[in-house]
Amino acid sequence: MSKNSEFWKPAYLVFWLGLAIGSFFILKELIMMVICLVAAITLAAALSPLARYLEARKVPRLITVISVYLFVAGLYFIVGANLTPVIKEQAVALVSTVRDKLQPWIVENIHELAPSILPDTAHGPSLSDDMKTQLMGKAGGIAAGALKLTGNVMTFVVNILFVLFLTSYFVVESKSLLESLLSWLPPKPRKVVRELLPGLEGRLGGYVRGQLLVSLAVGTIIGIGLFLVGIKEALVLGVVAGFMNLVPFVGSLATAIFAILIGFNQSLTTGCLVILVFACEQWLESNFIVPQLLGKQVDMHPLVVLFSVLIGGSLLGLSGALIAVPLATASLYLAEELYLKKMEPENSPTA
């Protein structure tokens, strides 16, 4: 009996090690599907309370999901139709400002920037055969890059549609789907999971609702602030800041850098005022907006949010940064419920 035990112990170890390695490589190949799945679960958690509320009033869940999708699409259409002329005008002015500022410097330093492609013009304006060959190679690279960009855009659109489909399926079929999954668990773990699900749904759904409100508030504050200090492209930068702030911390920082460059291009005073606008916005966001609109929903410290975004972005890029906070929220909630709360009775003072 002991010999069998000695034989099976390393066999079990090898089996679980091989299973872990195989699972890792499978997960690596299916990482985009996993990201879509996490995004769909998070959005479904945000929609489920509304679906249950309306279902109690005899409104089918499918009608609720379709209505929400149509409402969001209509909202984007109305906002786009009204703001497109203004945004287009400001975007053209923004591009012109950047081009007029950078183009003279590029032309002036073209030889130092790309000596292998553009030889010194002092030797004559004609193009050498080597230069023509290099330019043709660059043109081929640009064409390949354009094709790759088109493929990435198509993949992004397909992933968005896939997430929307999964979200609607999870919301509409949540009852039967949940019972089917729970049926695979033994009675005791099944009870634990059933008790954890409402709180987990509240955390994930609260993150979506809170982040949307935070993005709206940040975009509004930045847009108004830049308008007051005299930035002509204030509307564009406010809209961009609101959309990019869906990735916490990263969006505001990227918009701030761009707006500060534009401000200093207008004048030194305007640049300093732009810095002041973003400093005030960051103070308001950290001390009031995030704690009130997002912190109460997910119960997470801002540092945890920051490190989650950095780790997710480093591992999986923009998609990883988008799902990092929901994953961190879910992980912290499960750790609190399954670990911390079990420790409280032992640490509580005895009478």
Side-chain angles (χ1 to χ4, degrees), residues 23 27 30-69 72 162-214 246 248 293-301 304-305 308-309 311-312 316 319-320 322-345:
S23 300
L27 183 63
L30 300 177
I31 191 64
M32 186 52 64
M33 184 175 293
V34 174
I35 291 174
C36 292
L37 182 62
V38 172
I41 292 174
T42 306
L43 292 176
L47 284 176
S48 290
L50 177 63
R52 284 195 299 269
Y53 175 81
L54 294 178
E55 187 180 36
R57 286 152 180 78
K58 309 302 181 183
V59 179
R61 292 189 173 214
L62 181 60
I63 300 299
T64 300
V65 173
I66 293 175
S67 299
V68 170
Y69 285 176
V72 173
F162 182 55
V163 169
L164 294 178
F165 170 77
L166 282 180
T167 301
S168 61
Y169 179 78
F170 290 154
V171 173
V172 174
E173 301 292 337
S174 60
K175 292 181 180 179
S176 59
L177 182 62
L178 180 60
E179 292 302 323
S180 298
L181 294 175
L182 290 177
S183 65
W184 289 84
L185 297 176
K188 189 174 181 180
R190 186 187 310 165
K191 181 182 178 182
V192 174
V193 172
R194 197 185 296 273
E195 291 174 352
L196 290 173
L197 285 176
L200 185 61
E201 180 191 276
R203 290 284 186 93
L204 292 176
Y207 167 74
V208 175
R209 294 186 291 268
Q211 192 59 45
L212 288 175
L213 292 175
V214 169
L246 292 173
L293 299 181
L294 183 60
K296 292 183 178 179
Q297 300 284 346
V298 300
D299 195 20
M300 286 178 63
H301 193 277
V304 178
V305 177
S308 300
V309 173
I311 293 172
L316 302 173
S319 300
L322 286 172
I323 67 169
V325 178
L327 286 177
T329 300
S331 301
L332 284 177
Y333 171 75
L334 294 177
E336 292 170 3
E337 295 294 324
L338 299 176
Y339 180 70
L340 289 180
K341 287 190 176 181
K342 289 184 178 181
M343 296 177 61
E344 289 178 358

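As the structure is a prediction and not an experimental result, all values here were calculated from the model. Along the sequence shown, residues are numbered consecutively beginning with 1.
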| said: Quick one about Arg61 and Ser174 (side-chain donor to acceptor, distance below 3.5 Å, no hydrogens or angles considered), yes or no? | reply: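 Yes, side-chain donor-acceptor contact under 3.5 Å.
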| request: Sort out for me which residue in Leu43, Ile41, Thr42 forms a side chain to side chain contact (heavy atoms under 4.5 Å, CB included) with Thr167. | output: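 Result for side chain to side chain contact (heavy atoms under 4.5 Å, CB included) with Thr167: Leu43.
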Considering all heavy atoms, the nearest [X]-[Y] contact:
X      : Y      : value
Leu204 : Ala45  : CB-CB, 3.7 Å
Tyr333 : Glu195 : OH-O, 4.5 Å
Ser168 : Tyr69  : N-OH, 3.6 Å
Ser180 : Trp184 : O-CD1, 3.0 Å

To the nearest 0.5 Å, tell me how far [X] [atom1] sits from [Y] [atom2].
X      : Y      : atom1 : atom2 : value
Leu327 : Leu332 : CG    : CG    : 11.0 Å
Glu55  : Leu50  : CD    : CG    : 11.5 Å
Arg194 : Leu178 : CZ    : CG    : 6.5 Å
Ser308 : Ile323 : OG    : CD1   : 11.5 Å
Leu182 : Lys191 : CG    : NZ    : 14.0 Å

| field | OH (Tyr53) with more than 12 external heavy atoms under 6.0 Å | value | no
| query | So, are Glu179 and Arg190 salt-bridged, with charged N and O less than 4.0 Å apart? | reply |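 No salt bridge links Glu179 with Arg190.
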So, do [X] and [Y] sit near enough that their side-chain heavy atoms are less than 4.5 Å apart?
X      : Y      : answer
Leu338 : Leu196 : yes
Val171 : Thr64  : no
Tyr169 : Val65  : no

| Does any N or O in the side chain of Arg203 come within less than 3.5 Å of the main-chain N or O of Gly199, such that one atom is a donor and the other an acceptor? |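 Such a contact is absent between Arg203 side chain and Gly199 backbone.
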